[in-house]
Amino acid sequence: MAYGNKLKFHYDIPMYVKKQLADTAKKLNITATELLTRMIEQEYERAKTEKNEKS
């Protein structure tokens, strides 16, 4: 969950990654959790597409 620009994840993420997420999210005017969710969704779609192309 995100609280302002602070990050609170339910799993361990190195501090430097949290800082990068927070900084980037702030530039995009979204929360770090939203940014991380978008990144995970994009990677999932990319992997799914790549898998379908190989089949």
Side-chain angles (χ1 to χ4, degrees):
M1 297 190 171
Y3 302 93
N5 286 327
K6 296 180 182 177
L7 302 179
K8 185 170 185 173
F9 292 105
H10 297 284
Y11 44 89
D12 291 332
I13 293 181
M15 280 305 296
Y16 73 95
V17 174
K18 288 182 183 181
K19 179 160 177 28
Q20 289 176 344
L21 280 169
D23 292 344
T24 303
K26 188 175 182 179
K27 290 176 187 174
L28 297 172
N29 201 27
I30 60 174
T31 67
T33 301
E34 288 174 309
L35 177 60
L36 184 58
T37 300
R38 287 182 187 180
M39 292 169 62
I40 291 169
E41 289 171 348
Q42 289 173 354
E43 182 60 22
Y44 172 76
E45 288 299 321
R46 186 197 64 77
K48 196 166 83 171
T49 300
E50 188 176 292
K51 182 180 176 185
N52 288 339
E53 288 176 356
K54 288 183 179 181
S55 297

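As a basis for the values below, the full set of heavy atoms in this structure was taken, side chains included, without hydrogen atoms, waters or symmetry mates. A quick note: this is a predicted structure, and the numbers were derived from the prediction, not measured. Numbers for residues simply follow the sequence, beginning at 1.
By the salt bridge (charged side-chain N to carboxylate O under 4.0 Å, His left out) test, K27 pairs with no residue at all, sequence neighbours left out. Scanning for salt bridge (charged side-chain N to carboxylate O under 4.0 Å, His left out) contacts around E43 gives R46, with sequence neighbours left out. For E45, the salt bridge (charged side-chain N to carboxylate O under 4.0 Å, His left out) partners at least two apart in sequence or on another chain are K48.
In the hydrophobic clustering of ILVMFWY residues, with side-chain heavy atoms under 4.5 Å counting as a link, I40 and L28 come out together. Taken together through direct or relayed side-chain contacts under 4.5 Å among Ile, Leu, Val, Met, Phe, Trp and Tyr, M39 and Y16 form part of one hydrophobic cluster.
Within a 6.0 Å radius of CG in N29, no more than 12 heavy atoms belonging to other residues, nucleotides or ligands are found.
With rounding to the nearest 0.5 angstrom, the OG1 atom of T31 is 14.0 Å from the NZ atom of K26. Atom OG1 of residue T33 and atom CZ of residue R38 lie 12.0 Å apart, to the nearest 0.5 angstrom. Of the inter-residue distances, the one linking L35 atom CG with D23 atom CG reads 11.0 Å to the nearest 0.5 angstrom. Note that OG1 of T49 and NZ of K54 are 12.5 Å apart. Values are rounded to the nearest 0.5 Å.
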